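One structure is given here, and the rest of the page talks about it.
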Amino acid sequence: MKTVNQMSIKGSKILLFITFGWLSLFVTIGQNRPPIHNFSLNHYNAGIQNWGIAYGENKVFVANNEGLLEFDGVKWRFYQLPNQTIIRSVAYFDGKIYTGSYEEFGYWERQPTGILEYHSLSKLINAEAYETESIWGIYQWNNQIIFKSFSSLFIYTNGAIEVIEPQMTLLGANVIDDSFYIFGRNHGIFELNGSDLQLVRPSTSLKDFKVQSMVALDKNHVLIGTALNGMFLWDKQGKISRWDHPLNEVVKQNQLNKISVNASNIFLGTIKNGLYVMNRTTGGYYNISTLSGLQNNTILGSLVNERGIVWLALDNGISAIPMHFNAYYLNPANYDIGGVYDMLNFQGETYIATNTGMYISNQQGMHFVQGSQGHIWDLTLVDDLIVCGHNLGTYQIRDKQWELISSNNGGYDFKPVRGMPDTYIQGNYTGLSLYEKQGEQWQVTQIQGLEFPVKKIVFEKENIAWVAHPYKGIFRIHFSDDHKNVIKIEREYNEFFKNSYTIKLFEIEGQIAFYNDQQWFVFNPLEEKIGSFDSLNTILKSDQQSYPITDPNSSPVVFKKQDGTLFVRRNLTDEDSQFYIPNSYYGGHLIKGEERAVVLDDSIVQIALYNDILVVNNEKITGTSLSFKPKINRILKNGVPQMIDSSIRMKQRDTLAIEVSTPFLSNNTMVYALGEGGSNYRKVEDGKIVITNQNFGSLPISIQPVVKGKLSDKATLLTVEVEKPWFLGMWGAALLILILLFLTAFILTINKYVLIRHKKYLEVQFEHQKELNRKEEALRHEKKLNELQKHQHQLELKNKTKELANTAMEMTRKNEMLMKLKEDLNYFKSEIIDKSRYNKLISGIDKHLKDSKDWELFESNFNDIHDTFFRELHKLHPEKLTPKDLKLCAYLKMNLSSKEIAPLMGISIRGVEIHRYRLRKKLDLSTDQNMSEYLINI
């Protein structure tokens, strides 16, 4: 029987769970979920697990596995405890951040530099009192700070700590109506009175449960949450009863851990299934979990701040969820739908064209249209059906049925033809197609005369349209009257653009407009030219580098700036209505080059994202009119933190980094201007202003928020003194004087030294000049002597030459006379009686003719004059010349004639000629060469 009862009870619980599960599903269906902002360890660079969370100074503080995290709305900062242990709890009271860890607790206090510095409190008591203890909760009560572990309370008051050890396991606790309550396992709830814990008697009914959290629900009720047994109400009369709400059974199955409340909602954080949000007015609730985009389902800490942002410390990461949200997503379950290229709203449902097919989002969630697999480019509503430009053709959806109407691939754009009802032109992969609706059927004709893909069509007139090629620019085309033929294509307009690859085509207030290379252009139909769209540039002003991603003639209009920012105007010309959509809603999820937004009504727009659609309420978007004064969190000079509240001084070459922030999701863009009355505002990037190389003097810096495109007057002012270079100050002047004195003394010394050196130089130069003069005089004397010697040599040479000539002449006369004598004797030879005497005389004459002494004298004199002649002659003609040849050569060098040579050689003139002829052969002279000249030149 006992077993049957247990089974019956278990079955009842399962049935109850299923019933309430379906109820929960019903309650949450169609509920717009808030946008979830997830922060992972890639954002905050610390441990994965986060155990607690606190809020103060518009900053978030998180107890992390590796230390303390601080978030100012822009930047995460990380601090480690001295012992580098896990921080299990965190709380903010009166400007201090209190943290609890393993065998350690204390507080962090902000220094003048903005950095948090840790002060240990656990060292105030004996280490044995908190040995092996971890602090899991921190509370402020009656100017006291209470640190709670599982077994003890450490109460910090006026620099001292009191330890209370109640000998039981301490779980959930809180300060309610100026009283501190804590749950003791197996006992109930206790109230702290002085140093005593007094049991609240009605709470003994909870003693067997595990109370995790207690919060004041209103003035008369406290909501008590247990881990596995649901929630209870404790009223002012002391009665404790089970909370009578369907959500109670839901959270019981998902292990409740934390409860947070504000005036509008109750937030129940669970261990198994994320966060449950209950509306306190309607009683309706919904779940935020990993299916909704939460990065983890285990909530270890939670809080809701005064701006309605719920902060969650998760087992893996940190999340922020704005409750006063004015934007939500159509794919909260994060189904993998792919990139969204177009949307269409019809009969209360949103049809979503993606690169994976067609999806429909409605009150029952999101589902896929069967048969629509593939890339869908365009959706157009025609009467009661939806025309879909698909990668494989063109389809229609009628009564949720997917039907093929044309097999022409890749339907990019579907436009009605002016003046022709039920007639449409479509741009596709192969060109243009004409669609004529005939009842419930379509007549599709391929338009002739154009054979390139068309991505966008804009009509200028009934028979003239502009088309955009996906990659090769724009073309102006002319149709036949029935629009079945393109009769003219004007291609020359691409010459007006720098980059025809990125031309975007629009029809803006009846004009053909183009956006290319961050500039606007317009077609002038009178001159048939394209020029700058000056009127639109005037309307957009500083936002000229932006283009609409909705129909520019709709209301409102969504624009995308060059940096990826989205802003909205009520209409194209209404600059005053302009506001920016928070980048955190869509950042990094737009499809580049294919951005698309659809207007639902005057206040609601849908923005296509990758894997989702963002729905924005333009009239109620967060931070529409509320601006926050920027807060300076750090000032670093060359990387070194500076005191924030003191005057900042820097040198011209220093780099000053100013870290500023406004509260998270405040929708405040920060800008700054340098100088007195500065109007050249620059955007603050990533919460940091970097300043360097400024002119010396006082440098005012104005940091202001921008809300809805307007500059707020809530400015934060900072004045930086840029110091003069030291050489322009007193020390510079003193140094300049010292330098001048030094230069003067140096110049005088140098001048004196130079004068001395110059005097010595002049003396040296004088001596040198004297030496030069002496040398020149000696050279002149030597030259004169040489000239005299040369003249003497010339005289001697002349004399020797004359003497040689005389010798030669004497030898010639002597030999001539002897030869004459011999000739005469020969004439009288027959008459001479004494023949022996005659022969003796003739022999004597021949002896004198052949006497070598004459030649030796001649040769000696010749060598004195021409000392190298015979050596050079031997070099030129070795082993060829005989002594007789040498004699002839010498006589020829003397320029003697054959007649003159004959007596000298004792031969006839004919003999001389023969000898000369033979000598010419030995000297290898041609007949054209003069032998005497040849020998004279040797």
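We're numbering straight along the sequence, starting at 1. What you see is a predicted model; the values in this text were computed from it and never measured.
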Contacts satisfying salt bridge (Lys or Arg N to Asp or Glu O under 4.0 Å) that involve residues 680-695 (not counting sequence neighbours) are D563-K683
The test is side chain to side chain contact (heavy atoms under 4.5 Å, CB included); show your working for I907 and I914 and say whether it passes. CA-CA 11 Å; I907 58 176; I914 293 170; over 6 Å; no
Are V720 and I701 packed together at the side-chain level, in the sense that at least one heavy-atom pair is separated by less than 4.5 angstrom? yes
K455 and E594 ion-paired at < 4.0 Å: yes
Salt bridge (Lys or Arg N to Asp or Glu O under 4.0 Å) contacts touching residues 921-937 (sequence neighbours left out): K880-D924, D885-K922
Can the ring centres of W466 and F506 be said to be less than 6.0 Å apart? no
According to side chain to side chain donor-acceptor pair (under 3.5 Å), who are the partners of E723, at least two apart in sequence or on a separate chain? R649
Do you know which two heavy atoms are closest between V467 and V454, and how far apart they sit? CB-CG1, 3.6 Å
When rounded to the nearest 0.5 Å, the distance separating CG of L755 from CG of L748 is 10.5 Å
Say whether, by atom type as modelled, one donor and one acceptor occur between the side chain of N494 and the main chain of S500 under 3.5 angstrom. no
Would you say N516's side chain and N499's backbone share a donor-acceptor pair under 3.5 angstrom? yes
Heavy-atom nearest pair, S932 first then L892, reads OG-CD2, 3.9 Å
If you apply the rule side chain to side chain contact (heavy atoms under 4.5 Å, CB included), what do you find for H478 with V486, and how did you get there? CA-CA 6 Å; H478 299 252; V486 172; over 6 Å; no
Only counting residues at least two apart or in another chain, list the ones meeting ring pair (Phe, Tyr, Trp, His ring centres under 6.0 Å) with H589. none
Between CD on residue Q544 and OG1 on residue T538, distance to nearest 0.5 Å: 7.5 Å
Partners of H375 by ring pair (Phe, Tyr, Trp, His ring centres under 6.0 Å), sequence neighbours excluded? Y341, W377
For the side-chain contact (heavy atoms from CB on, under 4.5 Å) test, which of I447, I487, N485 pairs with F479? I447
Counterpart residues, ring pair (Phe, Tyr, Trp, His ring centres under 6.0 Å), relative to Y547 (two or more places apart): Y515
Answer whether the closest heavy-atom distance between the side chains of I635 and L656 falls below 4.5 Å. yes
Looking only at non-hydrogen atoms, find the nearest pair between C889 and L919 and report the distance. SG-CD2, 3.5 Å
Looking only at heavy atoms, which two atoms of P725 and F696 are closest? And how far apart? CD-CD2, 3.9 Å
Answer yes or no: is there a donor N or O on one side and an acceptor on the other, between the side chain of E767 and the main chain of V764, under 3.5 Å? no
Sorted by chain and residue number, the side chain to side chain donor-acceptor pair (under 3.5 Å) partners of S908 (sequence neighbours excluded) come out as none
Do E659 and K75 make a side-chain contact, defined as non-hydrogen atoms from C-beta onward lying under 4.5 Å apart? yes
So, using side chain to side chain donor-acceptor pair (under 3.5 Å) as the criterion, who are the partners of Q769 when residues are at least two apart? N773
Do the non-hydrogen side-chain atoms of Q446 and T430 ever get within less than 4.5 Å of each other? yes
Should we count NZ of K561 as having more than 12 external heavy atoms under 6.0 Å? yes
Under 3.5 Å: donor-acceptor pair, side chain of N524, backbone of L526: yes
Determine, stepwise, if the pair L888 / R916 fulfils side chain to side chain contact (heavy atoms under 4.5 Å, CB included). CA-CA 8 Å; L888 180 57; R916 286 182 67 161; 3.9 Å; yes
Considering non-hydrogen atoms only, spot the tightest contact between P453 and P470 and give its length. O-CD, 3.3 Å
With heavy-atom distances below 4.5 Å as the criterion, would you say the side chains of W520 and L540 are in contact? yes
Sequence neighbours excluded, the answer for ring pair (Phe, Tyr, Trp, His ring centres under 6.0 Å) partners of F742 is F746
Tell me, with the steps shown, if I691 and L674 meet side chain to side chain contact (heavy atoms under 4.5 Å, CB included). CA-CA 9 Å; I691 298 171; L674 303 179; 3.8 Å; yes
Rounded at 0.5 Å granularity, tell me how far NZ in K887 sits from CG in L881. 14.5 Å
Heavy-atom neighbours of E676 CD exceed 12 at 6.0 Å: no
Please answer whether the main-chain N or O of I658 pairs with a side-chain N or O of R634 as donor and acceptor at a distance below 3.5 Å. no
Quick check against the 3.5 Å criterion: does N638 have a side-chain atom that pairs as donor or acceptor with the backbone of T655? yes
Scan Y471, F475, Y429 and name whichever one has a ring pair (Phe, Tyr, Trp, His ring centres under 6.0 Å) with F452. F475
Taking the side chain from N428 and the backbone from G431, do they hold a donor-acceptor pair closer than 3.5 Å? yes
Interatomic distance, L636 atom CG to I648 atom CD1 [nearest 0.5 angstrom]: 10.0 Å
Residue pair I503 / G473: nearest heavy atoms and the distance that separates them: CD1-CA, 4.0 Å
Which pairs count as ring pair (Phe, Tyr, Trp, His ring centres under 6.0 Å) when at least one residue sits in residues 751-790, sequence neighbours excluded? none
Point-to-point distance, once rounded to the nearest 0.5 Å, from CD1 of I739 to CG of L743: 7.0 Å
Begin from the C-alpha positions of N693 and Q652 and carry the test side chain to side chain donor-acceptor pair (under 3.5 Å) through to its verdict. CA-CA 5 Å; N693 294 326; Q652 286 180 300; over 6 Å; no
Within the 4.5 Å heavy-atom criterion, are L450 and I477 side-chain neighbours or not? yes
Just verifying a value: how many Å separate E913 CD and R918 CZ, rounded to the nearest 0.5 Å? 12.5 Å
Is any side-chain heavy atom of S532 closer than 4.5 Å to one of N537? yes
If we ignore hydrogens and angles and just use 3.5 Å, is the side chain of Q562 paired with the main-chain N or O of Q518 as donor and acceptor? no
Just list the side-chain donor-acceptor pairs under 3.5 Å for residues 869-878, sequence neighbours left out, or say none.
{"unit_1": "R871", "atom_1": "NH1", "unit_2": "D867", "atom_2": "O", "d": "3.4"}
{"unit_1": "H877", "atom_1": "NE2", "unit_2": "Y934", "atom_2": "OH", "d": "2.9"}

Please check if the side chain of E451 supplies one atom and the backbone of G449 the other of a donor-acceptor pair under 3.5 Å. no
Only one of F533, F497, F514 clears ring pair (Phe, Tyr, Trp, His ring centres under 6.0 Å) with F521; which? F497
May I have all residue pairs that pass salt bridge (Lys or Arg N to Asp or Glu O under 4.0 Å) and include part of residues 467-477, sequence neighbours excluded? E460-R476, R476-E490, R476-E528
